[in-house]
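A short write-up of the structure that comes next.
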Amino acid sequence: QPPAMSPIQPASRKGGWCQSFSGKMFWPEDPYLSDMSIEDIAHSLSGLPRFLHHTSLTYVVGEHCLRAAKAARLSERSDLCARSFFRHPDPAVAAARRGLALLMHDGSEAYLGDLPPAIKSALPYYRHMEWEFQRRINLMAGLPESTHETELVRFYDLTMLATEKRDLMVKPPAPWGELPDPLADRIYPNSDCHGIEIDFRLMYVKLRAEAAVPLKPTHGHRCPTCKDLYPCGDSCAVSDSLSLPEGASETCPDCLRERA
């Protein structure tokens, strides 16, 4: 017989639950927007080793995200900004959106851990859970649902991988595959996990303020033009659900701007 359900486990939630740093409950198989917070994400990522800690010096996912955000924010690669969300006419807003996208691109790892691609490829259900968490974390941050899959995010994630390979790993026994050029600046990891956590939260607040995105998104709308789900904080009529409320199909503000 399966164990009895915990009296605090809602019957509507799937699978077992975990406790976050702040004391919230979250269900890896059934994530809700209300389960997630920047406090928990920043705390977890600031102590989560990258590469399963197979690095010459301790290097955490939070620092990886901070460095990627800085690189993307300073980027002049307009060819990577195919999404209308990244093509804002105000350069400061566009830069903040690029930075915010890279800061949050590994947010799901705060709840599911950081697994190398070779392990992920053998665990298709993990990839499903990763997608479900990351899409909600994007919306929580005021980003379109599939931001982590954009060419911009992939490029700077791989650029950081090339830089980390150069600066933090011993000589590889076999090629890692094709990677972009590493960043010019070398990585000297920050050993202060608490400092990384604070920097992560401060950068999040700063970029959210500069990116002109909803500060308290409650649901999303599917844009018929870019096909993405974008966050909305207005009081629209949405389904009565705490999982991922989705309102009526509407053209997103960025596609409307470019159509004008």
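For clarity, every value in this text was computed on a predicted model and none was experimentally measured. Positions are given from 1, in the same order as the sequence printed here.
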Handout entry: Note, C226 side chain near C252 side chain (heavy atom, < 4.5 Å)
Key = yes
Practice task
Measure from the side-chain N and O atoms of T147 to the backbone N and O of L143, and report whether any donor-acceptor pair falls under 3.5 Å.
Solution key: no
Exercise for the section: Taking all heavy atoms of I196 and all of S46, pick out the closest pair and write down the distance. Expected result: CG2-CB, 3.9 Å
Problem - 4.5 Å side-chain heavy-atom contact, E197 and L45 - result: no
Problem - From SG (C223) to CZ (F85), nearest 0.5 Å - result: 13.0 Å
Handout entry: is_close_aromatic(H64, H105), centroid dist under 6.0 Å
Key = yes
Check residues 174-186 and write down every donor-acceptor pair under 3.5 Å in which the side-chain atom is one partner and the other belongs to a residue at least two apart or another chain.
from, atom 1, to, atom 2, distance (Å)
R186, NH1, D167, OD1, 3.4
R186, NH2, D167, OD1, 3.0

Handout entry: Validation row: L52, I119 side chains within 4.5 angstrom (heavy atoms)
Key = yes
Practice task
Output yes when a side-chain donor or acceptor of D90 lies under 3.5 Å from a complementary backbone atom of A92, and no otherwise.
Solution key: yes
Completion exercise
When every non-hydrogen atom of M36 is compared with those of P31, the smallest separation belongs to CE-CB, 3.6 Å
Practice task
Look only at the side chain of R257 and the backbone of S84, and say whether a donor-acceptor pair between them is shorter than 3.5 Å.
Solution key: yes
Exercise for the section: Measure from NZ or CZ of R77 to the centre of the six-membered ring of F155 and say whether it is under 6.0 Å with the direction within 45° of the ring axis. Expected result: yes
Practice task
For W17 and E29, run side chain to side chain contact (heavy atoms under 4.5 Å, CB included): C-alpha distance rounded to whole Å, both residues' side-chain angles, the deciding distance at 0.1 Å, then the answer.
Solution key: CA-CA 9 Å; W17 62 274; E29 294 185 79; over 6 Å; no
Handout entry: Step-by-step side chain to side chain contact (heavy atoms under 4.5 Å, CB included) determination, R222 to L229
Key = CA-CA 4 Å; R222 184 74 58 185; L229 189 71; 3.6 Å; yes
Exercise for the section: Would you check if the side chain of S44 reaches a backbone N or O of I41 as a donor-acceptor pair within less than 3.5 Å? Expected result: no
Problem - Sub-4.5 Å side-chain heavy-atom contact between T58 and P189 - result: no
Handout entry: Polar side chain donor-acceptor pair, S20 to D40, under 3.5 angstrom
Key = yes
Completion exercise
Shortest non-hydrogen pair, G16 vs W27, comes out as O-CD1, 3.4 Å
Problem - L102 with V93, same ILVMFWY side-chain cluster at under 4.5 Å - result: no
Handout entry: Side-chain (D35) to main-chain (F26) donor-acceptor, under 3.5 angstrom
Key = no
Exercise for the section: Ignoring hydrogens and angles, tell me if any N or O in the side chain of R208 forms a donor-acceptor pair with the backbone of A141 under 3.5 Å. Expected result: yes
Exercise for the section: Give a yes or no on this: more than 12 heavy atoms of other residues, nucleotides or ligands lie within 6.0 Å of atom NZ of K165. Expected result: yes
Exercise for the section: With the side chain counted from C-beta on, respond yes when P49 and T55 share a heavy-atom pair under 4.5 Å apart, and no when they do not. Expected result: no
Problem - Smallest separation among heavy atoms of Y126 and G113, with atom names - result: OH-O, 2.9 Å
Handout entry: Expected output: side-chain D106 to main-chain E109 donor-acceptor under 3.5 Å
Key = no
Problem - Nearest heavy-atom neighbours spanning P144 and N138 - result: O-CB, 3.4 Å
Practice task
Kindly give the cluster partners of I198, where membership spreads through any ILVMFWY side chain lying under 4.5 Å from a current member.
Solution key: L202
Exercise for the section: Measure up the Y111 and F133 rings against each other and bin them: parallel (under 30°), tilted (30 to 60°), perpendicular (over 60°). Expected result: parallel
Exercise for the section: Kindly compute the distance separating CZ (R13) from CG (D30), expressed to the nearest 0.5 Å. Expected result: 5.0 Å
Practice task
Please determine if R98 forms a cation-pi arrangement with F86, meaning its NZ or CZ atom is less than 6.0 Å from the six-membered ring centre and no more than 45° off the ring axis.
Solution key: no
Exercise for the section: Verify the cluster assignment for L168 and V61: are they in a single hydrophobic cluster under the rule of side-chain heavy atoms below 4.5 Å apart? Expected result: no
Practice task
Would you kindly confirm whether L33 and F21 end up in one hydrophobic cluster when ILVMFWY residues are joined by side chain heavy atoms under 4.5 Å apart?
Solution key: no
Exercise for the section: Verify whether one side chain among Q134 and H148 offers a donor that lies under 3.5 Å from an acceptor in the other. Expected result: no
Problem - Any donor-acceptor N/O pair, K227 side chain to P224 backbone, under 3.5 Å - result: yes
Practice task
Nearest 0.5 Å please: distance from the CZ atom of R73 over to the CG atom of L207.
Solution key: 5.0 Å
Problem - Pair R154 + E149, salt bridge at N-O below 4.0 Å - result: no
Handout entry: Side-chain (K24) to main-chain (S34) donor-acceptor, under 3.5 angstrom
Key = yes
Handout entry: Residue pair R201 / E39, side-chain heavy-atom distance below 4.5 Å
Key = yes
Practice task
State yes or no: do M160 and L158 share one hydrophobic cluster built from I, L, V, M, F, W and Y residues joined by side-chain heavy-atom distances below 4.5 Å, directly or via other members?
Solution key: no
Exercise for the section: Could you walk me through whether D254 and R97 pass the salt bridge (charged side-chain N to carboxylate O under 4.0 Å, His left out) test, one step at a time? Expected result: CA-CA 12 Å; D254 300 297; R97 290 182 173 190; 2.8 Å; yes
Practice task
Decide yes or no for F200 and H43: does some side-chain heavy atom of the first lie under 4.5 Å from some side-chain heavy atom of the second?
Solution key: no
Exercise for the section: Establish, from distance only, whether the side-chain atoms of R135 and S108 form a donor-acceptor pair under 3.5 Å. Expected result: no
Handout entry: Output field: ring centroids F51/H54 closer than 6.0 Å
Key = no
Exercise for the section: Would you indicate whether K120, at its atom NZ, is surrounded by more than 12 heavy atoms from other residues, nucleotides or ligands within a distance under 6.0 Å? Expected result: yes
Practice task
Verify whether one side chain among Y59 and E164 offers a donor that lies under 3.5 Å from an acceptor in the other.
Solution key: yes
Exercise for the section: Find the distance between NZ (K70) and CG (L103) and round it off to the nearest 0.5 Å. Expected result: 14.0 Å
Handout entry: Separation between CG of L161 and CE of M169, rounded to the nearest 0.5 Å
Key = 9.0 Å
Problem - Connected via hydrophobic side-chain network under 4.5 Å: Y125 and L123 - result: yes
Exercise for the section: Looking only at non-hydrogen atoms, find the nearest pair between T225 and T251 and report the distance. Expected result: OG1-CG2, 3.9 Å
Handout entry: N/O donor-acceptor pair under 3.5 Å between E63 side chain and N190 backbone
Key = yes
Problem - Nearest-0.5 Å distance, OH of residue Y230 to NE2 of residue H221 - result: 5.0 Å
Handout entry: Minimum side-chain heavy-atom gap C18-P28 below 4.5 Å
Key = yes
